[in-house]
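The structure appears right after this line, and notes come after that.
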Amino acid sequence: QVQLVESGGGLVQAGGSLRLSCAVSGSLSTDNIMGWYRQAPGKQRELVAVVTSGGSTNYADSVKGRFTISRDNAKNTLYLQMNSLKPEDTAVYYCRHGSIYVYWGQGTQVTVSS
């Protein structure tokens, strides 16, 4: 049984920082792509950042230079360090595991005030 649980969301002022975590449990493929997606109010879910099992990363243009995605294999945890946060970063952030199958977390709310 696979489970992804996000944590670390909350309320922060513009310019502040926040670190999201995604704890993964269950039997998952070692060859995978893990990522963070977000869905802002009234908008479609969009890619934020991804990292492959080989360590390659990719970011949305809107977060380049501000966000950093990483993974800790020993702890089976995915992270998203968010710096210089802007009000437009406000959204529900979702953790995703992709391989033969795709799994999603329940999401964690990030609210950036101005």
* For side-chain contact (heavy atoms from CB on, under 4.5 Å), just list the numbers for T68 and L80, CA-CA rounded to whole Å, side-chain angles, deciding distance to a tenth of an Å, and then say yes or no. => CA-CA 6 Å; T68 302; L80 183 67; over 6 Å; no
* Structure fact -> Smallest heavy-atom separation, S99 atom then D31 atom, equals CB-O, 3.6 Å
* Connected via hydrophobic side-chain network under 4.5 Å: I100 and V24 -> yes
* State, without any angle test, whether N32 and R71 hold a side-chain donor-acceptor pair at a distance under 3.5 Å. => yes
* Starting from the C-alpha separation in whole Å, work towards a yes-or-no answer on side-chain contact (heavy atoms from CB on, under 4.5 Å) for R96 and V48. => CA-CA 11 Å; R96 178 185 183 273; V48 176; over 6 Å; no
* Side-chain donor or acceptor of T77 paired with backbone N/O of K75 under 3.5 Å -> yes
* Can you tell if the side chain of V102 reaches within under 4.5 Å of the side chain of H97, non-hydrogen atoms only? -> no
* Asked: How about N73: does its CG atom have over 12 heavy atoms from other parts shown lying under 6.0 Å from it?
  -> no
* Find out if a path of hydrophobic residues (ILVMFWY) with successive side-chain heavy-atom gaps under 4.5 Å connects L4 to Y101. => yes
* Measure the spacing between OG1 of T111 and CG of L85 and express it to the nearest 0.5 Å. => 11.0 Å
* Return yes if a side-chain donor-acceptor contact under 3.5 Å exists between S17 and N83, otherwise no. => yes
* Asked: Does any N or O in the side chain of R19 come within less than 3.5 Å of the main-chain N or O of Q81, such that one atom is a donor and the other an acceptor?
  -> no
* Can you name the residues that form a ring pair (Phe, Tyr, Trp, His ring centres under 6.0 Å) with Y37, not counting sequence neighbours? -> W104
* Structure fact -> The complete set of salt bridge (Lys or Arg N to Asp or Glu O under 4.0 Å) pairs with one or both residues in residues 55-65, sequence neighbours excluded, reads D61-K64
* Structure fact -> Between L78 and G35, the two heavy atoms sitting closest are CD2-O, 3.8 Å
* Examine V63 and V12 and state if one hydrophobic cluster contains both, with Ile, Leu, Val, Met, Phe, Trp and Tyr joined whenever side-chain heavy atoms are less than 4.5 Å apart. => yes
* Counting only heavy atoms not in Q106, do more than 12 sit closer than 6.0 Å to its CD atom? -> no
* **Verify same cluster id: V2, Y94 (apolar side-chain graph, 4.5 Å)** => no
* **Check: E6 side chain, G107 main-chain N or O, donor-acceptor pair, under 3.5 Å** => yes
* Asked: So do the side chains of R38 and K43 get within less than 4.5 Å of each other, counting heavy atoms only?
  -> no
* To do: Looking only at non-hydrogen atoms, find the nearest pair between L18 and G10 and report the distance.
  => CD2-N, 3.9 Å
* Taking atom CD of Q1 and atom OG of S25, what is their separation to the nearest 0.5 Å? -> 8.5 Å
* Asked: What pairs meet the disulfide (SG to SG under 2.5 Å) rule with one or both residues in residues 22-111, with sequence neighbours excluded?
  -> C22-C95
* To do: Locate the shortest heavy-atom distance separating M34 from I69; write the atom from each residue and the value.
  => O-CD1, 4.0 Å
* Approximate separation, where rounding is to 0.5 Å, of W36 CH2 and E46 CD -> 14.5 Å
* Structure fact -> Exactly one candidate in Y79, Y93, F67 meets side chain to side chain contact (heavy atoms under 4.5 Å, CB included) with L20; the answer is Y93
* Backbone of V112 reached by a side-chain donor or acceptor of T90 within 3.5 Å -> yes
